Structures are given as C-alpha cells and as structure tokens.
Amino acid sequence: MKLSNYYIPTLREVPADAEIASHQLLLRAGMIRKSATGIYTYLPLGYRVIRKIEQIVREEMDRAGSLEILMSALQPKEIWEDSGRWSIFGPEMFKLKDRNDREYCLGPTAEEYFTSLIKDEVKSYKQLPLNIYQIQTKYRDEKRPRFGLNRAREFSMKDAYSFDTSPETMEVAYQKMYDAYVKIFDRMGLDYRIVLGDSGAMGGSTSHEFIALSETGEGVICYTENGTYGATDESARVYYDLPEAQEVKDLEKVDTPNVTTIEEVSQFLGQEEKRCAKAVDYMLDGKPAFIFIPGDRELNETKLAAFTGIPEHAIEKMEDDQIKACGSYPGFTGPVGLKDVRIIVDKSLTQIQNLVAGGNEKDKHYVNVNYGRDFEGEIAEDLLMVREGDKTEDGETLLFRRGIEVGNIFQLGTKYSESLHATYLDENGKEQFFHMGSYGVGVTRSVTAVIEQNHDDKGIVWPLNLAPYQAIVIIVQTKNEDQVELGEKIYDRLEKAGVEVLLDDRKERPGVKFNDRDLIGIPLRITVGKKAGEGLVEYSERKDMENTDLPVEEAIQKILDQVENMNK
Ligand code: ATP
Ligand code: MG
C-alpha cells in the first residue's frame, strides 16, 4: 500500500483522556478512534492487527477441533431469564425492545445462546463431544470503561463452548482448550501467567485466567516463588494468621467516645487490630446484612457474592439511617445483641477470643466478645481479600504482580444445560444434561496487552507476526527521481514476494515519515535516500533502531528472510 493513498491519521499530541501507553499509542498511531465512551472505530492499521489476532485464535481453535459459527449479537431475553442471568448481569447488560415490545440484550457473552442452539440440534450421545466457537462483538455496559480497548463497552471476544457427556470428558475438553490457549498467547508473544480464577457470574467450578503481565493491568495475580500456586486476588484463598489464643473473659461494654475506625479502637483500647471485629454494613439486594471480619483485613466482595448468591452489582453500602433502622449506630456496629438482621461472620472470628466489637450505640464498644457465647451468625469459610505476604495452604509466601486478563476458561458442568433443559439421549435412550465448558479470549483486549508489553518512548514495537504491515519503504525526498524510482522498485519486489509492505511516498518532511514509522511500529524498514544513486539503501529494524547501509539486494533479502522465518 502506498501511504500517499492511505488513511493514517497519526497524532503528535498525547490525547488528554488516554491514561495508559496502549491507549495513547493506538490513538496516536491512527489505529483507533473513540466513537463514544468505551466504543471505538477500528481504523485501517488497527483493524489489520485485530484481524491478525483473530487469525491466530481461529487457527488454534480449528486445530483443537472447535468449529466456527456466528450467532447474532442480539439475544432474546427468555434464555437469560431461564438461566437467571438477566438480573445477575444487571446494569452491565445493554437491554432493548423491538417494535412488539419483545426484550433483547446485546450479548455480553453467549453461554445461554449456544446452549439453546445445541439443545434443539444435538439429540444423541453419538453427536458428542462437540466444541463450537465464534468471534463476535460483545457488549457490556461497564461501570468504568477505560484504557481504550482494554475495558471497552463494545469489544471483540472469541467465545467457545464445549458439550460433553460426563464430567470426565468435559475435563478433557477443558484441557484441550487450555492447551490451545497456551499456543494462542505464545503466538502473540505475550509474557503471561495462567492462574486459578474466580468462577463468578459464570457459575461452575474450576476456571483459569490467562493474564498478560503489565503494571497497568487491572488484575492482580498472586503467586509463590516456587511456582506451585497462582490465582487472581479475587479468588485466592486466605489462610488467616490467627492471634494467640486467650482464656475467655467476661463480656463488658465500655465507653469509646468518638472512636470509630479500627485503628482508633485498637489504639484506644490497647488491643491488636486482629482482635477488633470489623463490621461491613451492606444492603444485599435491598436487604440489610452486617458482615464481620478481622480488623486488619478487607472484605472480598467477590467471595461475599459467591457466599450469598447475590451479584456484586446488588451489593451496596448501607446508609446511616438504614444502620439505625437495624438497631445499631454508624461507626459502632457490632454483632452482639443485633436481632432480626442477617449476620455473616468470617470463620476466623469464630476462632479468636475476646474480640472488641461495636456496641450498637454511640460511643460504646464491647470487649471480650466471643463467638457462640455472645453472638452467632452465618459462618463463611473465607471472605477476606488476600494480601501480599499471606501464606498459602502449604505455608509458601504469596507475591503479587499486576496483569491484564486476556483469556478465561471455565468448567461449567450442567449449570446451563439444566436451567435451559438442554438434554441428549444416552446409550440407554435416557435423557441427560450436557456437561459444558466455556472459553473466552479478549481479541481486542489482547491488542492492548501486546502494546503494553511492546513499546518504547517513540511508539509501538510490534512483533513481526502482529504488525499491521511487516515492512515499510521510505522515500526520503519525493522530488528526487532516483529515490522515487528505486523506492518503487523495492516496494514492488517486496509486494510481489508476498511481504506486507507500505511505501511512504508522501510529500512530507523526512522527519515526519520517520516519526510515523516509529510510532506505528512497522518492524522492518528500508530507507531510500541520498545514496540511492550508488545503489545503497539504509536497512533498520524497529526493535533495536540500528541503521546499516546495504546494497539494495541485500536489504531486500534481509526482509524476505525475516518474513520467511516468521512463518516457521
Ligand atoms: P474483567 O474481569 O476484566 O471484567 P471478565 O472476567 O468479566 O473480565 P470474561 O467474562 O471472562 O471477562 O470474558 C472473556 C474475556 O473477554 C476476558 O478474559 C477479556 O479478555 C475479555 N473482556 C471482558 N470484558 C472486556 C471489556 N470490557 N473490554 C475488552 N475485553 C473484555
Ligand atoms: Mg474473566
């Protein structure tokens, strides 16, 4: 392609609302444009990259035996009602009505849709196992769309679904996808980790997340030095380090004027924070609940959602008057004497003696509170947010790193087949539910992960196999006929040899051309300049930015070799 005819609107300035490198560079390199909050247009260069990523995903899915289909982005409400997820997705779902008042959503994912398809099509065990996928636009009305393609409201996801006859064969299907994902993210050249994930809104049991390491990532992975453990911070199990056991003492109510935070309570009463019960006052789907955890910890809302079965979007902080209506007092909430209200207790508190807890009236606390004798509640095994330095079950220390979740695979079991009544007939002619798995790759999010890991202060440094074009020929002076002629000759040669090549024949200053090339990140460059008359050109790679003068043929050969090696 000749740049004189190309749509390549690069920007010199860093766009104001773009916070991270990938977002800034995608805008500056003229690869995407914002259409509305969290909604983007993919411009020619950007769309080429997206299609290359799609192609990698497609090839590896096909190789793993998955079959590509395409379902509509519009999905009928009924199937989501059947699974219960119409309300679970809540405000994150884009919902709409047709002219007859029938309701739909723009699909945020497609477990229900695929299940409803297979339910009517696959009747016999002889047609199983089956794995199907699509690469389709997804819609999520994210609470905080940001970082460009990283957390968009419209994005491209590859989603696959496996259908099996037993938990064992489902696990085989899952492992196949796991292996395919390793190939996919290896081919993208990403530095990533595979960790245990949270099954969250998907339901089901086991899940793994594929997380590209990046300081700008919104995800946190917890891992051990010896590599035996890896999980997201949302899902990592906390083995709480209990304070020393004590003799149980008598319950007492004491004055604690204006002492409300855990830190103040701990100092005022001279008690370690671990022994101060922290109250988290929430409305769970509109109903009040007090959750108690050790004072030195934070509550993990994902775990609370899993424990209560109430989606995170329906978990809200209580207002002061709601706290009072429950017979307590803001800042002084404790589990002693609270009646007719839901109390949830992290298990660790049942094992700590002589707790300090709010007195449910202004300026009062209880001391020497003990579970069983002074209060009771629903005991949750673990509601705590993990912290760096926590120990695993094996006593290994947890370390943290940030990253971008690019893929997520789930074992779903029969959750969706049961709720949508999707069955097949087994060898004995008996109806059975499908055992399912679901598997997502964030296609457009992967673009941001690749850029976060591959850029410098001048721009993007694409790996050769993902670059929008592999090579560029820059004509330094378009007024110089020798340069133009040689430039076009090299360009023709490369194009005929199957190289994806650009010719920068624009009537721009050389500086503009070089800057654009560095910004867009075209990996291989031939510059046709002053020495064109002598048959010499400059060859350079974006990775190291070193320039070498080479005879024309040698420079061309270098590019051909690189492109050929890429496909090996
Ligand atoms: P997150 O925790 O980041 O919100 P998720 O766990 O809700 O993501 P999944 O339901 O697992 O996302 O979707 C599968 C994949 O789709 C994710 O691994 C991610 O790569 C991609 N994805 C999810 N939400 C977005 C989004 N808002 N913008 C771009 N890609 C997304
Ligand atoms: Mg996920």
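Atoms within a ligand are numbered from 1 in the order they appear, just like the ligands themselves. Computed from a prediction, not measured in an experiment: that's the story for all the values here.
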Participant: Does ligand 1 have a heavy atom under 4.0 Å from the side chain of Thr109, from its backbone, from both, or from neither?
Facilitator: neither

Participant: If we set the cut-off at 4.0 Å for heavy atoms, which region of Arg140 has an atom near ligand 1: side chain, backbone, both, or neither?
Facilitator: side chain

Participant: Other residues, nucleotides and ligands only: do more than 12 of their heavy atoms fall within 6.0 Å of NZ on Lys287?
Facilitator: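 Open: at most 12 neighbouring heavy atoms sit under 6.0 Å from NZ of Lys287.
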
Participant: Salt bridge between Arg342 and Glu378, side-chain N to carboxylate O under 4.0 Å?
Facilitator: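 Between Glu378 and Arg342 there is a salt bridge, with a charged N closer than 4.0 Å to a carboxylate O.
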
Participant: Test your reading of the structure: does Val406 have an N or O sitting under 3.5 Å from an N or O of ligand 1?
Facilitator: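 Yes, since at least one N or O of Val406 sits under 3.5 Å from an N or O of ligand 1.
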
Participant: Which protein N, O or S atoms does the Mg ion (ligand 2) have within a distance shorter than 2.8 Å?
Facilitator: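 Listed by chain and number, the nearby protein N, O or S atoms are Glu405 OE2, Asn408 OD1.
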
Participant: Going by the atom numbers of ligand 1, which of them fall below 4.0 Å from some non-hydrogen atom of Glu142?
Facilitator: 24 (N), 26 (C), 27 (N)

Participant: Between Val441 and ligand 1, is there a nitrogen or oxygen pair with a distance under 3.5 Å?
Facilitator: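 N/O-N/O distance under 3.5 Å: no.
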
Participant: Where on Arg151 is there a heavy atom closer than 4.0 Å to ligand 1, on the side chain, on the backbone, on both, or on neither?
Facilitator: both

Participant: Using heavy-atom distances only, which candidate in Phe155, Phe210, Phe147 approaches atom 22 (N) of ligand 1 most closely?
Facilitator: Phe155

Participant: Identify which of Thr444, Asn150, Val443 has a heavy atom lying nearest to atom 29 (C) of ligand 1.
Facilitator: Asn150

Participant: Classify the side-chain pair Thr109/Glu111 by whether it contains a donor and acceptor separated by less than 3.5 Å.
Facilitator: yes

Participant: Could you give me the CA-CA distance, side-chain angles and deciding distance for Arg193 and Asp191, then say whether salt bridge (charged side-chain N to carboxylate O under 4.0 Å, His left out) is met?
Facilitator: CA-CA 7 Å; Arg193 299 288 181 272; Asp191 182 11; 3.0 Å; yes

Participant: Below 4.0 angstrom from a heavy atom of Gly407, which ligand 1 atoms are there? Numbered from 1 as shown, please.
Facilitator: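 Reading through ligand 1 atom by atom, the close ones are 18 (O).
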
Participant: Counting heavy atoms not belonging to Glu319, are there more than 12 under 6.0 Å from its CD?
Facilitator: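 Not more than 12 within 6.0 Å, no.
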
Participant: Quick check, are the ring centers of Phe210 and Tyr178 under 6.0 angstrom apart?
Facilitator: yes

Participant: Using the salt bridge (Lys or Arg N to Asp or Glu O under 4.0 Å) definition, which of the options Glu19, Glu405, Glu142 pairs with Arg151?
Facilitator: Glu142

Participant: With a 4.0 Å cut-off, would you call Arg146 and Glu218 a salt bridge?
Facilitator: yes

Participant: Heavy-atom contact check, 4.0 Å cutoff: does Ile404 meet ligand 1?
Facilitator: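 Outside the 4.0 Å threshold, so no.
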
Participant: Heavy atoms only: give me the nearest Ile520-Pro468 pair and the separation to one decimal.
Facilitator: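 The pair with the smallest heavy-atom distance is CG2-CG, 4.3 Å.
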
Participant: Can you check which of Glu209, Met157, Glu234, Glu218 brings a heavy atom nearest to atom 16 (O) of ligand 1?
Facilitator: Met157

Participant: More than 12 non-hydrogen atoms from neighbouring residues, nucleotides or ligands closer than 6.0 Å to CG on Asp17, yes or no?
Facilitator: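 Yes, the 6.0 Å shell around CG holds more than 12 heavy atoms from other groups.
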
Participant: Do you know which two heavy atoms are closest between Phe434 and Ser417, and how far apart they sit?
Facilitator: O-OG, 2.7 Å

